[in-house]
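For reference, the structure is listed below as structure tokens.
Letters A, B, ... mirror the listed sequences (proteins, then strands); counts begin at 1. All figures in this text were calculated on a predicted structure; none of them were measured in a lab.
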Amino acid sequence: MLLGRTAASLFWMARYMERAENMARLIEVSYRISLMPKPFRAHQDDWSSTLKSAHCETTFAEKYDVASQANVIQHLVLDRENPSSIRCCMETARNNGRAVRTALSRDVWESLNATWNELATLRVNQLSSDKLPGFLDWIKQRSMLFRGAMLGTALRQDSFHFCQAGAFVERADNTARILDVKYHILLPRGSGPGSSIDRQQWASLLRSVSAHRAYRWAYRDASYQPWNVAQFLILNPAMPRSLLYCYDWISNKTLAEIEREYDETLPCHETACETTWLLKNANMEKIFQDGLHEFLSDFIARNNRLTSEIASAYNFP
Amino acid sequence: MGDNFNEMLEADGSVRPAYALLHKWLETQTPGDLRAKIREAESIFRRLGITFAVYGTQEASERLIPFDIIPRIFAASEWRRLEAGIAQRVGALNAFIDDVYHRQEIVRAGKVPGDLILQNEAYLPQMAGHSPARNVYSHIIGTDIVRVGANEFYVLEDNCRTPSGVSYMLEDREAMMFLFPDLFAKHRVAPIEHYPELLRQTLDSVAPAQCDGEPTCVVLTPGIYNSAFFEHAFLADEMGIQLVTGDDLFVNDGWLYMRTTQSPVRVDVVYRRVDDDFLDPLTFNPASTLGVPGIFDVYRAGRVTIVNAPGAGIADDKAVYSFMPDIVEFYTGDKPILNNVPTWRCSDSDSLAYVLEHLEELVVKEVHGSGGYGMLVGPTASKKEVAAFRQILKTRPGNYIAQPTLALSSCPTFVKSGVAPRHVDLRPFALTGDRMRITPGGFTRVAMKKGSLVVNSSQGGGTKDTWVLED
């Protein structure tokens with residue numbers, strides 16, 4: 001038996017851990033670009049597009065005027081008023097975990113709690129730019145430790161599947177958003193292989209989903225082909241952050257397991273299967289023809305709908 | 001305070017038998033060894049999240065309760081006497097609450113003034129005439145006891161509502177077994193780790209008569225920001241029952257249910273850690289968001305058991321406290337085994353005059369206060385603090401009681417300067433259901449500051465593992 005509130009807390013705990021990790025990666029990439037010589041920093045508004053990918057433009061605009069590097073990093077890493085800052089994500093994940101401690105294995109709880117304890121010692125201004133890469137690395141490691149503890153110790157029952165649902169819904173949302181913000185560099189153009197600046201952008205895009213090496217193994221083209229990059233992140237079934245992979249996992253592993261365990265089919269199951277089916281039957285040519293942005297916007301809306309359907313199906317408070 | 005009872009050493013400096021092995025062991029430990037062990041213990045507690053929240057400070061953060069690594073030891077014979085005293089008192093408390101909400105024989109007998117009960121904030125008229133399962137009201141009682149001599153124990157307070165601290169009792173024991181396995185093995189220490197099982201049995205045993213089959217019990221917590229949240233989660237986990245908040249429960253068609261990811265599940269016993277006032281917005285405080293609307297009606301209909309019962313606080317009210325010797329004798333027919341501290345009720349004008357005159361010697365407490373907030377310890381307070389308190393006392397005398405300061409016993413404690421005696425109290429836990437269950441020992445609190453008598457964790461007190469030796 002699982003309380004609706006417990007299921008909700010598990011879902012959001014995993015979601016916020018995933019978000020913290022994605023945020024760390026996103027900032028890492030922007031920071032890397034800011035170190036490049038000027039011509040490679042394609043646009044002046046690199047940090048603005050980071051805010052956009054992180055979906056934090058609104059909260060940022062409430063506090064700051066200029067999207068300077070310092071401001072953006074402050075807002076995305078440590079700002080207590082930004083619910084998606086790394087600090088807040090970690091805190092929300094830990095508070096959700098604390099509220100449902102009895103549903104967590106000791107290893108999972110300890111990984112969450114140790115991260116939070118260490119983060120609490122960090123003062124607002126302590127993160128000088130030379131410390132930033134190390135910090136972001138640490139966040140990624142803590143997220144991976146959490147995931148590992150979960151995979152290694154959690155009983156494979158409803159509670160585990162709610163965590164997985166949260167993590168994969170968040171991951172799919174993240175991949176779709178990053179693609180959507182950067183879609184202009186992916187738009188196929190007539191003029192042959194892209195410039196070195198475009199290449200740089202593609203590489204960063206792949207890096208921000210931890211996939212630039214994987215891309216090389218998956219596609220043997222020496223340069224980045226927009227089709228391939230987009231295909232890799234949307235439709236490649238082997239890429240663990242692609243939309244198809246995430247949805248295949250959500251509908252066939254996570255939600256399907258809960259459906260089996262409870263012996264009840266609900267609207268969320270239908271939505272998940274439908275989205276998976278759409279992805280499985282999509283092809284890149286058609287997606288580009290109809291518009292990548294439209295495709296991704298539709299996906300993000302579907303993904304949001306899934307969250308609210310899961311919440312109402314399982315009595316989240 | 002020089003003449004207080006030292007639990008390890010006799011007046012002539014020789015070691016009491018129960019402490020013989022510990023004393024010898026302490027001599028082999030360097031301060032460095034002990035400090036390293038304390039750091040180890042703290043890092044374990046922090047990693048596990050064994051913390052409590054502190055109210056009223058600027059940063060309401062989570063803190064560790066200082067853990068003292070030197071155990072407090074009771075000989076088997078000492079404990080037998082204490083246990084008998086606790087059982088006697090706890091039995092009387094439950095009989096008293098039952099009487100208060102029924103015929104009030106004790107008032108009729110002229111032992112306790114009727115106004116003291118009927119005019120008391122802790123008295124719940126809504127409980128009048130209600131008989132819960134097995135006529136038990138306060139299923140979990142934490143009695144605060146201090147020692148002033150070899151066989152002299154005083155009860156400072158009976159906590160009949162939602163006493164906390166049992167998780168520290170259990171975790172302190174775990175820590176000691178982990179840090180000092182050899183020392184532990186050399187003593188025959190009565191085990192306490194089955195407390196959650198006993199609590200579970202107690203809860204099961206008081207399921208309402210209308211419950212058929214295996215009762216479903218839950219722990220009701222105000223939530224993660226409550227100072228004792230760790231304990232709520234810990235107990236639920238150890239008992240293998242759900243930890244719920246008010247939102248998780250709802251009343252439908254006269255029964256109590258919890259919201260699950262599937263169909264609602266009926267709840268039979270609620271071990272609540274939410275105060276009476278917040279329990280049911282329809283019956284008590286309408287602004288409460290922590291409780292369950294309608295739960296009290298289900299309770300009155302005998303379809304759920306609330307542990308401890310609403311209104312049980314009438315028995316641990318500080319004004320009622322002063323009548324405890326009579327209360328014990330009235331219901332048990334015997335003289336109380338444990339002493340009561342003489343108490344002046346400031347609502348009485350003669351008493352108030354006495355208290356105002358002797359403020360420097362007395363401890364003054366709020367009648368309804370807890371946690372060591374809003375109290376005055378005369379002998380250690382500054383002139384200014386005494387003067388300020390005098391004003392408060394004159395404005396609201398009915399809100400206070402006063403007691404003489406007792407020469408609390410001391411136990412060896414590891415502090416900055418090394419091993420030194422510090423004052424302690426004891427909170428044993430008594431469970432009442434189909435029968436009474438008392439775990440040997442309890443939660444020992446220690447005032448870490450030299451000479452201090454305030455042991456509350458919210459005021460910087462620490463904890464110790466409490467060992468009851470077996471014969």
- [ ] Report the C-alpha separation of A:Arg101 and B:Phe234 in whole Å, then their side-chain angles, then the decisive distance to 0.1 Å, and conclude whether the side chain to side chain contact (heavy atoms under 4.5 Å, CB included) test is met.
- [x] CA-CA 8 Å; A:Arg101 259 186 81 152; B:Phe234 174 88; over 6 Å; no
Open item on the list: Could you measure the distance from the CD atom of B:Glu238 to the OG1 atom of A:Thr102? Nearest 0.5 Å is fine.
Closed with: 11.5 Å
Open item on the list: Closer than 3.5 angstrom, by distance alone: can the side chain of B:Arg259 be matched with the main-chain N or O of A:Arg5 as a donor-acceptor pair?
Closed with: no
TODO: Could you tell me the separation between the CE atom of B:Met258 and the CG atom of A:Leu3, rounded to the nearest 0.5 Å?
DONE: 6.0 Å
Task: Contact check, side chains of B:Thr261 and A:Leu2, non-hydrogen atoms, under 4.5 Å - done: yes
- [ ] Taking all non-hydrogen atoms of both residues into account, name the closest pair between B:Phe229 and A:Arg98 and its distance.
- [x] CE2-O, 3.1 Å
Task: Nearest-0.5 Å distance that lies between atom CG in B:Asp237 and atom CH2 in A:Trp109 - done: 12.0 Å
Task: Check: B:Gln242 side chain, A:Met1 main-chain N or O, donor-acceptor pair, under 3.5 Å - done: yes
Task: Atom group of B:Thr221 that falls short of 4.5 Å from chain A, counting heavy atoms - done: neither
Task: Toward chain B: residues of residues 310-317 of chain A with heavy atoms under 4.5 Å - done: A:Ala313, A:Tyr314, A:Asn315
